[in-house]
Amino acid sequence: MSNQSLPLTEAPQIEARIHGEKWTQLPQDLYIPPDALEVYLDAFEGPLDLLLYLIRKHNLDILDIPMAQLTQQYMDYVEHMRVEKLELAADYLLMSAMLIEIKSRMLLPKPTLVAEEDDPRAELVRRLLEYEAIKLAAERLDQMPQVGVDIMVAQAYLDKVSEQKPPQVSLDDLIDAWQNVLKRASHFAHHKVGRAELSVREHMSQIMRQLKGASMLEFTALFDIVNDGIPKLVVCFLAILELAREGLISLTQQGAYSPIYVQLN
Amino acid sequence: MENNQIAQMKAVLEAALLTSAMPLSLDDMSRLFPERIERATLRMLLDELTQDWQQRQPVSMRLVQVASGWRFQASEELVPFLARLSPDRPQRYSRALLETLAIIAYRQPVTRGDIEELRGVAVNPNTIRQLIERDWIDVVGQREVPGRPSLYATTKTFLDDLNLKSLADLPPFESFVQQPEFALGVAQPESQSTLPMDIQE
Amino acid sequence: MENNQIAQMKAVLEAALLTSAMPLSLDDMSRLFPERIERATLRMLLDELTQDWQQRQPVSMRLVQVASGWRFQASEELVPFLARLSPDRPQRYSRALLETLAIIAYRQPVTRGDIEELRGVAVNPNTIRQLIERDWIDVVGQREVPGRPSLYATTKTFLDDLNLKSLADLPPFESFVQQPEFALGVAQPESQSTLPMDIQE
């Protein structure tokens, strides 16, 4: 897929041919109405991009750039930018300075023997050619088929749900979590949760479950007097008191010695 | 329709169903073709596809209809093999979930508001849902305040899964208490235990 | 191996490849089977699968090899049909992003500074972030200069997503350099190592 011809992207990019070969499409003229400048600036990716555009547009020889001409054209552009949108021009101003420097170095009298490497334009040309190659490579990447756009990948359904085990929690995890809560909640610094209180809380939950099943229960139905030992009965009683105190249940009694009924609030 | 046209449509359907992340409805599938296509035609093509795949031995994938449409799924017999590809890396619950669970365990029955007050942050409804789905907590009632918020408590499954006989087996937190006294005045332990817990039988 | 054993293994491979969201490497595939399986056997089975699918007329899916392994993908001829299912096509990337990607692809590993130098403008951090989120580039290290800038390189996902087996499958960078010979003595391939690029696997 390597040697296809390189398609054009939108204006103002142009066919990348040099040395006499004509481009196939002429870009629009240099003049840009001021209100369109922002849009126009978006068309360039930076000073190198703009320079390349100017070189191609005016059919300049990139290997023998007429520095005076290019610099003048470039400065015209940058002046437009500077007037309209100063903050955009920073990278471009740097390039202006570089172009002027190259131009002035070329005006200096040349030594009799000039090594080609000493051409002040060499570095600029190298950068331009390299940037142009990157630009073309980028266009090429954009044209390559892409998963999700031009390539549809199989992703049929696999029922893995049954295979997945839920996370395990150890007692240590739970204790760590509880400690964290207590540490953060400063108003609980003096809070106490003892084993006994936990039994009470467990009974509170149990009693609420029982009451959920039956709308109303007789007080004595909440106790298993035959099987539960005294401590458990006490805990159960405390749980009922705590539930009543927290307003989660209500206790009713019609008269003295009549049955006490318990129901959820 | 000509045979090669049918074959082409089946290939399009097959590729669409195999590459779609979601089941495809008949409406979805009719959008695959530029020309109008009858639902009856689509159903016929789907039937044929289903049979084509069933006839292969052994069956690798099945075309099935689910609530939102049709999809290919791996044959159940192969799932044990495919499961080896993604060994369940031990998942972990978030800290938020563990803290919520701890609060429900130690302070039950509690409302979401209670949990939020203790943690100082809003409780993600997902957290509660996850715990309910795991059957570790359930709703035991509503508190009689405006909005009648649900009261959550831990379940027997929670105790079973954590290998506890009762909540009383959870370590007590005397170590956070400056003066070890017991609010409800029962079952004083003989000594102050420090963390990690001392679980007594 | 017996025939029905081979058929079973092919069905497992087929189902695994059709249901996996990512390409499967030979290592992945060998994990599908409880018993040890030779890579040569896997390759043979993959070849057979490839041919099985090619023989169907018309071809709906192709088994292809990309950088990180093997995957099934819809036959190119069917993509225009499948594209009708999702009319909102993914947006094209900006030139800035594509140029940055091209530089990273051809000059990796590179720092942001390198990219700025080559493009002559500052790199928008968003561009880098977008490429990282797409999992097309990642940080492979730091250059040992002041500030220890991150070095970026392309990922296997980048290659997978562009249907490439390796960076060597990218069009050679020289093909983009407009001047076959470099006047002014710059960028001679032998003298100037930076241009043209020479990507090795």
Side-chain angles (χ1 to χ4, degrees), chain A residues 152-160 162-185 188-202 204-209 211-212 231 234-235 238 241-243 246-250 264-265, chain B residues 15 17-21 61 71-74 76 79 82-83 86 88 90-93 95 98-99 101-103 105-109 118-120 134 140-141 143-144 151 153-154 161-164 166-168 170-174 176-178 180-184 186-189 195-197:
Chain A
M152 307 290 192
V153 175
Q155 46 182 342
Y157 184 77
L158 171 61
D159 187 7
K160 279 187 269 199
S162 55
E163 302 295 311
Q164 256 172 6
K165 292 193 196 83
Q168 293 303 299
V169 171
S170 72
L171 199 48
D172 288 343
D173 295 332
L174 194 70
I175 294 160
D176 283 348
W178 180 235
Q179 279 180 290
N180 276 334
V181 172
L182 293 184
K183 251 181 253 162
R184 275 207 316 277
F188 268 92
H190 298 280
H191 183 75
K192 343 164 236 317
V193 178
R195 188 176 295 108
E197 194 191 337
L198 275 174
S199 324
V200 173
R201 296 228 151 248
E202 184 169 34
M204 286 164 69
S205 297
Q206 276 168 13
I207 291 165
M208 290 198 70
R209 280 202 185 89
L211 289 170
K212 235 173 76 175
V234 170
V235 167
L238 289 168
L241 292 183
E242 183 65 18
L243 283 169
E246 292 185 18
L248 296 172
I249 58 169
S250 52
L264 285 177
N265 271 335
Chain B
L17 287 159
L18 284 170
T19 55
S20 168
M61 305 286 293
R71 74 176 174 213
F72 271 107
Q73 60 187 43
E76 305 81 63
V79 170
L82 307 189
S86 48
D88 334 319
Q91 283 175 291
R92 294 201 55 87
Y93 280 130
R95 182 173 141 165
L98 288 171
E99 290 187 7
L101 179 62
I103 292 169
Y106 277 97
R107 308 285 294 148
Q108 59 190 285
L118 267 166
R119 295 197 57 235
R134 184 81 196 254
V140 293
R143 182 168 291 156
E144 285 308 317
L151 285 159
T154 54
D161 286 358
L162 267 75
N163 225 9
L164 301 169
S166 86
L167 278 181
L170 278 177
F173 273 80
E174 291 93 333
F176 291 99
V177 182
Q178 302 192 324
E181 56 175 294
F182 288 81
L184 297 162
V186 284
Q188 293 273 5
L195 287 173
M197 70 265 181

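Just so we're on the same page: letters track the sequence lines, and every chain starts at 1.
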**Message:** Looking at every non-hydrogen atom in both residues, tell me the closest pair between A:S205 and B:Q108 and how far apart they are.
**Reply:** OG-OE1, 2.6 Å
**Request:** Go through the steps for B:R107 and A:R201 under the test side-chain contact (heavy atoms from CB on, under 4.5 Å), then give the verdict.
**Result:** CA-CA 7 Å; B:R107 308 285 294 148; A:R201 296 228 151 248; 4.2 Å; yes
**Asked** For the candidates A:E246, A:M204, A:K212, which exhibits the highest count of non-hydrogen atom pairs separated by less than 4.5 Å from chain B?
**Response** A:K212
**Prompt:** Quick one: of B:I103, B:D161, B:T154, who has the most non-hydrogen atom pairs under 4.5 Å with chain A?
**Reply:** B:I103
**Request:** Report the distance from atom CG of B:L167 to atom CD of A:Q206, rounding to the nearest 0.5 Å.
**Result:** 8.5 Å
**Request:** State which residues pass salt bridge (Lys or Arg N to Asp or Glu O under 4.0 Å) with B:R134; sequence neighbours excluded, sorted by chain then number.
**Result:** none
**A:V169 portion near chain B, given a 4.5 angstrom heavy-atom threshold** = both
**Message:** Please rank B:R119, B:E76, B:M61 by heavy-atom pairs under 4.5 Å with chain A and give me the top one.
**Reply:** B:R119
**Part of B:R95 within contact of chain A (heavy atom distance under 4.5 Å)** = side chain
**Prompt:** Which pair of non-hydrogen atoms, one from B:P109 and one from A:M208, has the smallest distance, and what is that distance?
**Reply:** CG-SD, 3.8 Å
**Prompt:** Would B:L170 and A:L174 satisfy side-chain contact (heavy atoms from CB on, under 4.5 Å), going step by step from the backbone distance to the final call?
**Reply:** CA-CA 9 Å; B:L170 278 177; A:L174 194 70; 3.8 Å; yes
**Atom of B:T19, atom of A:M152 and distance for their closest heavy-atom approach** = CG2-O, 3.6 Å
**Item:** Side-chain touch B:L98/A:N180, heavy atoms, less than 4.5 angstrom
**Value:** no
**Request:** Please list, chain by chain and in numerical order, all residues satisfying salt bridge (Lys or Arg N to Asp or Glu O under 4.0 Å) with B:R143, sequence neighbours excluded.
**Result:** B:D114
**Asked** Relative to chain B, which segment of A:L248 carries a heavy atom at a distance below 4.5 Å: side chain, backbone, both, or neither?
**Response** side chain
**Request:** Could you have a look at B:L17, B:L151, B:N163 and say which one has the most heavy-atom pairs with chain A under 4.5 angstrom?
**Result:** B:L151
**Heavy-atom donor-acceptor pair, A:Q155 side chain to B:S20 backbone, under 3.5 Å** = no
**Message:** Is B:L162 in contact with chain A via its backbone, its side chain, both, or neither, using a 4.5 Å heavy-atom distance?
**Reply:** side chain
